[in-house]
Protein chains: 2
Amino acid sequence: MATPQTGAGDPKRSLELLWREYEPQHSKPGPKPKLTVDRIVEAAITVADREGSCFGMRSVSNELGVGAMTIYRYVPGKKELIDLMVDRLSRIGPDAPDLAATDWRTALELVAESTWQVYSEHPWLLEVNQKRPVLGPDSLEGYDFVLGAFDSHDLPDREVNLAVTGLMNIVTGSARQYLIRDSAEDGPELSEAEWWEAQGPYLERAIASGRYPRVAKFSDEDSWDLTGHDAMRYAVDRFLDGLAPRMEASRRTPS
Amino acid sequence: MATPQTGAGDPKRSLELLWREYEPQHSKPGPKPKLTVDRIVEAAITVADREGSCFGMRSVSNELGVGAMTIYRYVPGKKELIDLMVDRLSRIGPDAPDLAATDWRTALELVAESTWQVYSEHPWLLEVNQKRPVLGPDSLEGYDFVLGAFDSHDLPDREVNLAVTGLMNIVTGSARQYLIRDSAEDGPELSEAEWWEAQGPYLERAIASGRYPRVAKFSDEDSWDLTGHDAMRYAVDRFLDGLAPRMEASRRTPS
DNA sequence: CTTCAATCGGGTACGTTGTACCCAGTAATA
DNA sequence: TATTACTGGGTACAACGTACCCGATTGAAG
């Protein structure tokens with residue numbers, strides 16, 4: 001229960017794993033390893049997609065058909081494994097467009113949409129609590145990729161950083177609100193409709209009490225049923241609206 | 001480990017608890033209850049502030065000086081308790097200003113700042129994964145309070161909803177990035193400085209590899225050390241910049 | 001006052017989690 | 001062939017949420 005955190009136990013080992021600096025060409029005694037870190041990470045992602053963020057290490061072992069403790073020969077612990085999984089999922093595909101060749105706004109919208117897509121496919125990502133930024137090779141490449149959207153502008157470096165961080169945080173924040181419920185409904189929890197049906201009478205009574213006048217004023221309309229994607233797009237759109245004048249002012253002249 | 005979710009087990013009981021519709025005036029046989037739900041919620045918040053989101057039910061019992069299972073006489077389970085804690089923390093103080101009497105922009109900035117403050121004081125809130133919106137009395141009152149910022153405007157209800165949701169998601173998203181690390185460092189985890197010191201060599205080597213040209217181009221500056229609050233403010237400011245023309249266009253004439 | 005019944009707090013115990021530890025088997029080197 | 005490092009598998013433990021039981025307590029009914 002209750003969301004223990006994801007940080008890094010032994011940072012040295014964790015970073016070695018992230019940057020794949022291990023495996024001394026394997027001319028050591030002993031049997032050859034049956035697994036690889038990458039296979040474990042891939043299997044763990046599969047399991048997490050199925051079981052949600054509360055996936056168990058035993059499930060990962062099972063997915064790989066090995067003993068429960070075998071994984072620990074490759075990965076120091078669950079926290080480090082999650083770090084690897086997170087970094088893996090921020091890998092950008094080979095068919096990614098060149099953001100530098102695109103208008104800055106459509107480029108950033110594209111980044112937001114594709115990030116949203118990743119969250120849709122792996123909602124457990126939103127339930128993971130990273131104590132420290134992971135910054136593995138794939139994350140770094142993703143960041144580098146996004147920076148391409150600012151290539152033809154002279155926005156100060158610091159502000160570029162702020163803009164990218166802000167955009168990602170907007171997408172992540174919106175996704176958390178709306179996508180978490182899609183992941184791994186374990187057991188006797190109820191559906192969306194059932195929840196609102198149960199909650200309805202209480203809300204009606206509360207609104208009828210007059211203690212929430214402003215909510216009451218527009219509660220009977222369908223102003224409520226907005227999808228998560230709508231919410232994300234609205235926030236991103238307003239954010240980009242606000243960013244626009246600064247981008248235009250810093251547009252680099254083609255000289 | 002790994003973030004099991006917060007939803008609602010039995011919705012009926014959970015909602016009764018949220019709306020405090022229990023306790024039939026106590027003219028029943030049996031000993032008088034030693035505790036109240038509110039005392040439990042308060043104690044649980046104290047414990048969570050100290051131990052982080054991975055606080056244990058036994059710690060709450062201990063804080064109250066009762067047996068481990070006694071809490072379960074009042075609250076069906078941990079998930080429901082967390083729901084109550086979350087709702088409790090979105091209560092607005094009695095000294096809250098009247099947003100309707102304030103300029104819309106400063107009003108929304110105030111909302112963002114005070115939300116940030118709540119997260120600063122209770123970082124474990126950011127680690128909690130709510131599967132369904134809680135919408136208890138305090139949350140609803142908080143929402144009603146925020147709606148006051150739009151009183152003197154004619155923005156469509158749906159867009160008001162989108163704007164408020166967006167603002168909250170921006171604050172929450174930013175807070176998650178930067179505030180989670182402050183909560184409950186349990187055991188042999190390392191400090192911020194140690195982490196960056198350990199990560200530094202890897203990043204330098206990665207950047208030197210030339211695979212991240214854009215990151216390399218502005219990595220040696222101090223464009224990186226932005227505080228979480230800076231990041232939040234930048235995102236909120238751009239969002240409000242983008243919202244501004246729509247707010248101005250919908251300003252209600254004093255007639 | 002006695003009896004009944006409902007409800008209290010406390011204690012014990014179970015299943016599940018991450019993972020520390022031990023052990024027998026394997027393969028490269030001397 | 002003997003040595004030695006390393007493998008995967010199994011057992012075991014502490015901590016967790018919580019189901020369950022039990023004696024004690026207190027109001028209502030006779």
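The structure presented is a predicted model; accordingly, all values stated were derived computationally and were not measured. A, B, ... follow the sequence lines: proteins, then strands. Residue 1 opens every chain.
- Applying the ring-ring contact (aromatic ring centres under 6.0 Å, His included) rule to A/Tyr143 yields the partners B/Trp224; only residues at least two apart in sequence or on another chain are considered.
- If you measure from atom OH of A/Tyr72 to atom C1' of D/dC13, you get 14 Å, rounded to the nearest angstrom.
- When rounded to the nearest whole Å, the span between CZ of B/Phe55 and P of D/dA15 equals 18 Å.
- Shown here are the salt bridge (Lys or Arg N to Asp or Glu O under 4.0 Å) partners of A/Glu42, two or more places apart in sequence or in another chain: A/Arg88.
- With sequence neighbours left out, the salt bridge (Lys or Arg N to Asp or Glu O under 4.0 Å) criterion links B/Arg91 to B/Asp138.
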Could you list, one pair per line, each protein nitrogen or oxygen that sits under 3.5 Å from a nitrogen or oxygen of nucleotides 28-30 of chain D, together with the distance?
none

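- Counting heavy atoms of neighbouring residues, nucleotides and ligands inside a 6.0 Å radius, atom CD of A/Glu197 does not exceed 12 of them.
- Scored by the salt bridge (Lys or Arg N to Asp or Glu O under 4.0 Å) test, B/Glu141 finds no partners at all (sequence neighbours excluded).
- The NZ-C1' distance, from B/Lys78 to C/dT17, rounds to 13 Å in whole Å.
- Distance CD1 (B/Ile71) to P (C/dG10): 10 Å, rounded to an integer number of Å.
- Here A/Arg205 pairs with B/Glu21 under the salt bridge (Lys or Arg N to Asp or Glu O under 4.0 Å) rule; sequence neighbours left out.
- Applying the side-chain hydrogen bond (donor to acceptor under 3.5 Å, both in side chains) test to every pair with at least one member in residues 55-64 of chain A, sequence neighbours left out, gives these pairs: A/Arg50-A/Glu63, A/Glu51-A/Ser59.
- Among residue pairs with one or both ends in residues 226-236 of chain B, those qualifying as salt bridge (charged side-chain N to carboxylate O under 4.0 Å, His left out) are A/Arg158-B/Asp230, B/Glu109-B/Arg233, B/Glu113-B/Arg233, B/Arg233-B/Asp237; sequence neighbours excluded.
- Between A/Met57 atom CE and D/dA15 atom P the separation is 20 Å, expressed in whole Å.
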Could you run down the sub-3.5 Å N/O contacts of the protein with nucleotides 8-11 of chain D?
unit_1 : atom_1 : unit_2  : atom_2 : d
D/dG8  : OP1    : A/Lys34 : N      : 2.8
D/dG8  : OP1    : A/Tyr74 : OH     : 2.3
D/dG8  : OP2    : A/Tyr74 : OH     : 3.4
D/dG8  : N7     : A/Arg73 : NE     : 3.1
D/dG8  : O6     : A/Arg73 : NH2    : 2.6
D/dG9  : OP2    : A/Gly67 : N      : 2.4
D/dG9  : OP2    : A/Thr70 : OG1    : 2.5

